[in-house]
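To start, the structure under review is shown below, and the notes come after it.
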2 protein chains.
Amino acid sequence: MKIGELAERTGVSVRSLRYYERQGLLAPLRQDNGYREYSVLAEEQVRTIRFYLDLGLSTEQIAGFLQCVLRNKESFCEEVLPIYQHKLKEIDGQIRLLNQIRVNLRDRISSILQERNQGQEEII
Amino acid sequence: MKIGELAERTGVSVRSLRYYERQGLLAPLRQDNGYREYSVLAEEQVRTIRFYLDLGLSTEQIAGFLQCVLRNKESFCEEVLPIYQHKLKEIDGQIRLLNQIRVNLRDRISSILQERNQGQEEII
DNA sequence: TTAAACCATGACATCAATGTCATAGTCAAG
DNA sequence: CTTGACTATGACATTGATGTCATGGTTTAA
């Protein structure tokens, strides 16, 4: 199958498919005319790539274990666990930071609303 | 005071002070030699800018209300509240997304650990 | 056969604040 | 007067996946 068909089947843009290839995540054959030729397995492979990307992993991280997880159960691939754990710490840190900001924002919003109400009361 | 001194007093790099100026957040006078001349008020102003930047607001958003909040109470500046509320929604969305990923990651990590333990037991 | 649709590659843009470097003018202390 | 510290401006880099455009070759359907 050619790149346009794979793009349509997976919902991933042609641009991204070429990018994944350059990052070492896909390795389609080439037809005589230079067109990329994807096997039927490529569709599942792209969905796997998308899954890990959506998990927040980088193409570089994914490249480190993609071949393994395509052939085995995830638990068999040694590289996966440390990457997951590292990502989890990162996510926890981000959530903590966002929560601090969130609390700060909520405080300021309610304080603004309160002061405005007091201003109204003074007028009354 | 010159830019180096302001940078040292506020902990903000010279580069960033020039950037803030270009974004319309600072407007120092110029000495005859072209050097920027900051008033003592600039120090507080920079801290205010940093505060809003740390809250996740963009220089463009900050520029929209900075002059007002420097002169009045925050609750007096009409532009602030909608920006806060918009930012809060954004943060909530980010937290939600991160939490989904977090749950996903934790599930996969524990599932890997569990499968590895089962593998061990089988050997025993 | 010809036009439309598809493919290839490479380059530039994005988002945003900041770092860094190059080049050059200015100032202060020795 | 000279050297080192400071300042000015402008340009390029960063981060990462993706969009978009330009240019040109290929295929396919009418």
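Fair warning: this is a prediction, and the values are worked out from it, not measured in the lab. These values consider heavy atoms only, across backbone and side chains, with no hydrogens, waters or symmetry-generated copies. Within every chain, numbering begins at 1; the chains are lettered A, B, ... in the order of the sequence lines, protein sequences first and strands thereafter.
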What is the separation between atom [atom1] on [X] and atom [atom2] on [N], rounded to the nearest whole Å?
| X | N | atom1 | atom2 | value |
| --- | --- | --- | --- | --- |
| A:Leu25 | D:dT18 | CG | P | 10 Å |
| A:Leu53 | D:dG16 | CG | C1' | 10 Å |
| B:Glu60 | C:dC15 | CD | C1' | 12 Å |
| A:Met1 | C:dC7 | CE | P | 12 Å |
| A:Leu26 | D:dA17 | CG | P | 14 Å |
| B:Gln23 | C:dC15 | CD | P | 13 Å |
| A:Gln31 | D:dT26 | CD | C1' | 10 Å |
| B:Asp54 | C:dA17 | CG | C1' | 12 Å |

Review point. Taking protein heavy atoms under 4.0 Å as touching, what does nucleotides 5-13 of chain D look like 5' to 3' if B marks base contact, S marks sugar-phosphate-only contact and - marks none?
Key: -BSSB----

**Study point:** For A:Tyr35, all residues meeting ring pair (Phe, Tyr, Trp, His ring centres under 6.0 Å), sequence neighbours excluded
**Key:**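 Result, ring pair (Phe, Tyr, Trp, His ring centres under 6.0 Å) vs A:Tyr35: none returned.
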
Exercise for review: Under the ring pair (Phe, Tyr, Trp, His ring centres under 6.0 Å) rule, collect the residues that match up with B:Tyr84, sequence neighbours excluded.
Suggested key: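 Checked B:Tyr84 against ring pair (Phe, Tyr, Trp, His ring centres under 6.0 Å); zero matches.
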
Practice item. For the helix from C:dT1-D:dA30 to C:dG30-D:dC1, figure out the bend between the end axes, five pairs an end, and round to 10 degrees. Key: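 The value is 30°.
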
Check your understanding: With a 3.5 Å cut-off and no angle check, do the side chains of B:Tyr20 and B:Arg15 form a donor-acceptor pair?
Key ->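 Side chains of B:Tyr20 and B:Arg15: no pair found under 3.5 Å.
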
Check your understanding: Going by atom types only, do A:Gln100 and A:Arg96 share a side-chain donor-acceptor pair under 3.5 Å?
Key ->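 Checked: A:Gln100/A:Arg96 side chains show no N/O donor-acceptor pair below 3.5 Å.
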
Phosphate-side-chain proximity, [X] and [N], N/O vs OP1/OP2 below 4.0 Å:
| X | N | value |
| --- | --- | --- |
| A:Tyr20 | D:dT18 | yes |
| B:Ser16 | C:dT18 | yes |
| A:Tyr19 | D:dT18 | no |
| B:Thr59 | C:dA17 | yes |

Practice item. Please examine the side chains of B:Leu98 and B:Arg102, heavy atoms only from C-beta on, and report whether any two atoms are closer than 4.5 Å. Key: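 Answer no - side chains too far apart.
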
Practice item. Output yes when a side-chain donor or acceptor of B:Lys87 lies under 3.5 Å from a complementary backbone atom of B:Gly56, and no otherwise. Key: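 Checking the backbone N and O of B:Gly56 against the side chain of B:Lys87, a donor-acceptor pair under 3.5 Å is found.
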
Exercise for review: Can you tell me which residue pairs pass the ring pair (Phe, Tyr, Trp, His ring centres under 6.0 Å) test with a partner in residues 36-58 of chain B, sequence neighbours excluded?
Suggested key: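 For residues 36-58 of chain B: B:Tyr52-B:Phe65.
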
Exercise for review: Would you list the pairs meeting disulfide bond (SG atoms under 2.5 Å apart) in which at least one residue belongs to residues 76-111 of chain A, sequence neighbours left out?
Suggested key: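 Applying disulfide bond (SG atoms under 2.5 Å apart) to every pair that reaches into residues 76-111 of chain A, excluding sequence neighbours, yields A:Cys68-A:Cys77.
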
Exercise for review: Find the distance between CD (B:Glu21) and CZ (B:Arg36) and round it off to the nearest 0.5 Å.
Suggested key: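 Reported value, rounded in 0.5 Å steps: 4.5 Å.
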
